[in-house]
Amino acid sequence: MRDSIDCRCGKTKVYQVDTVEHVVLERKILLHHVPHYYCRSCKEVTYDIDTDIIPLLKVAYRLQLKEIDWQDRNKLTIVFNADDDDELRHDIECIINENIDSIIDGESFAIIYGSRVVVGQKMGNIIAVQKMIKKVF
């Protein structure tokens with residue numbers, strides 16, 4: 001991996017691992033910890049040929065995520081679209097891990113667990129939790 005490359009503006013792009021913003025069909029998606037070359041002069045970003053960000057951006061777009069971490073692309077990752085407290089997030093992760101074999105890739109799911117319902121969608125290694133509902137009897 002090179003430390004820098006020439007930019008088409010005539011300046012130099014520097015290699016860095018940082019957050020990059022992309023717009024996919026008018027939706028802004030932040031891609032964290034992605035390796036890229038960045039030109040401080042013209043602000044252009046270039047990726048190495050082995051850095052295939054398109055599949056990850058497709059997943060983020062389909063799951064309606066505003067941000068996604070490049071480092072999590074090959075491991076099972078649970079992301080939350082709601083601002084839940086840490087204890088609730090831990091409970092949700094336990095519920096999902098107990099039911100992971102029944103969650104079908106590419107489809108939305110709802111898991112009923114005690115008095116709670118977890119609603120989300122799975123795409124490959126990423127599970128996006130859209131909401132947690134307390135059942136009303």
Side-chain angles (χ1 to χ4, degrees):
M1 184 73 56
R2 296 183 283 176
D3 291 340
S4 64
I5 59 173
D6 294 331
C7 184
R8 62 182 170 169
C9 75
K11 303 290 183 179
T12 301
K13 289 183 182 177
V14 180
Y15 177 80
Q16 60 188 36
V17 177
D18 203 356
T19 298
V20 178
E21 180 182 298
H22 286 273
V23 178
V24 179
L25 299 175
E26 299 181 10
R27 185 179 306 149
K28 192 183 316 182
I29 299 172
L30 297 177
L31 187 56
H32 299 291
H33 303 109
V34 64
H36 63 282
Y37 294 95
Y38 176 73
C39 179
R40 291 185 180 112
S41 179
C42 71
K43 313 287 190 246
E44 186 177 74
V45 172
T46 303
Y47 299 97
D48 192 58
I49 195 151
D50 296 333
T51 310
D52 191 8
I53 64 162
I54 293 175
L56 197 59
L57 288 172
K58 285 181 180 179
V59 167
Y61 182 82
R62 184 152 180 215
L63 294 176
Q64 300 179 9
L65 303 176
K66 295 178 182 175
E67 52 191 289
I68 195 162
D69 197 317
W70 170 259
Q71 293 175 336
D72 293 339
R73 69 192 180 283
N74 293 324
K75 63 181 181 181
L76 180 64
T77 304
I78 301 171
V79 293
F80 296 87
N81 288 341
D83 293 329
D84 297 316
D85 62 53
D86 289 338
E87 185 177 332
L88 183 57
R89 284 178 183 240
H90 177 72
D91 290 346
I92 293 171
E93 288 175 356
C94 290
I95 293 166
I96 289 172
N97 284 326
E98 289 175 13
N99 293 279
I100 194 69
D101 293 334
S102 63
I103 300 174
I104 299 171
D105 190 30
E107 293 186 12
S108 296
F109 66 86
I111 299 171
I112 299 172
Y113 186 82
S115 64
R116 294 182 173 158
V117 178
V118 178
V119 179
Q121 187 175 17
K122 179 180 180 187
M123 289 276 308
N125 294 334
I126 300 171
I127 295 176
V129 175
Q130 272 90 27
K131 58 181 126 178
M132 172 73 124
I133 304 165
K134 287 190 174 192
K135 288 172 42 177
V136 179
F137 295 98

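As a basis for the values below, the full set of heavy atoms in this structure was taken, side chains included, without hydrogen atoms, waters or symmetry mates.
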**Q.** Hydrophobic cluster identity match, L63 and L25, side-chain contacts under 4.5 Å
**A.** yes

When rounded to the nearest 0.5 Å, the distance separating CD of E107 from NZ of K122 is 11.0 Å

For Q130 and G120 the tightest heavy-atom approach is OE1-CA, 2.9 Å

Co-membership, hydrophobic cluster, residues L76 and I111, 4.5 Å side-chain
yes

Looking at side-chain heavy atoms only, is the closest gap between H22 and I53 below 4.5 Å?
yes

So CZ of F109 and CD1 of I100: to nearest 0.5 Å the spacing works out to 7.5 Å

CD1 (I127) and CD1 (I96) are apart, to the nearest 0.5 Å, by 5.0 Å

The reported gap from CG in L56 to CE in M123 (rounded to nearest 0.5 angstrom) is 10.5 Å

For this session: Could you tell me whether the side chain of K43 reaches within less than 4.5 Å of the side chain of Y38, counting heavy atoms only?
Result: yes

message = Is there a path of hydrophobic side-chain contacts, each under 4.5 Å between heavy atoms, that joins V24 and I68?
response = yes

Residues R2 and Y15: closest non-hydrogen pair is O-CB, 3.5 Å

Here the pair of heavy atoms bringing P35 nearest to T51 is O-CG2, 3.8 Å

### Query
Same cluster or not: are L57 and Y61 linked, directly or through other Ile, Leu, Val, Met, Phe, Trp or Tyr residues, by side-chain heavy atoms under 4.5 angstrom apart?
yes

(message) For D3, is the CG atom crowded, meaning more than 12 foreign heavy atoms sit under 6.0 Å from it?
(response) no

Exercise for review: Examine distances only and state if a side-chain atom of Y47 and a backbone atom of V34 form a donor-acceptor pair shorter than 3.5 Å.
Suggested key: no

N/O donor-acceptor pair under 3.5 Å between R40 side chain and K11 backbone: no

Taken to the nearest 0.5 Å, the spacing of R8 CZ from C42 SG works out to 7.0 Å

Verify the cluster assignment for V59 and L30: are they in a single hydrophobic cluster under the rule of side-chain heavy atoms below 4.5 Å apart?
no

Closest heavy-atom pair, V129 versus I92, reported as atoms and distance to 0.1 Å, is CG2-CG2, 3.9 Å

request  = Could you tell me whether the side chain of R73 and the main chain of W70 form a donor-acceptor pair under 3.5 Å?
outcome  = yes

Closest non-hydrogen contact found for D52 with P55 is OD1-CD, 3.3 Å

So CD1 of I103 and CG of N97: to nearest 0.5 Å the spacing works out to 8.5 Å

Heavy-atom side-chain proximity of C9 to E44 below 4.5 angstrom
no

Residues H32 and D69: side-chain donor-acceptor under 3.5 angstrom
no

G106 and Q121 have their tightest heavy-atom pair at O-NE2, 3.5 Å

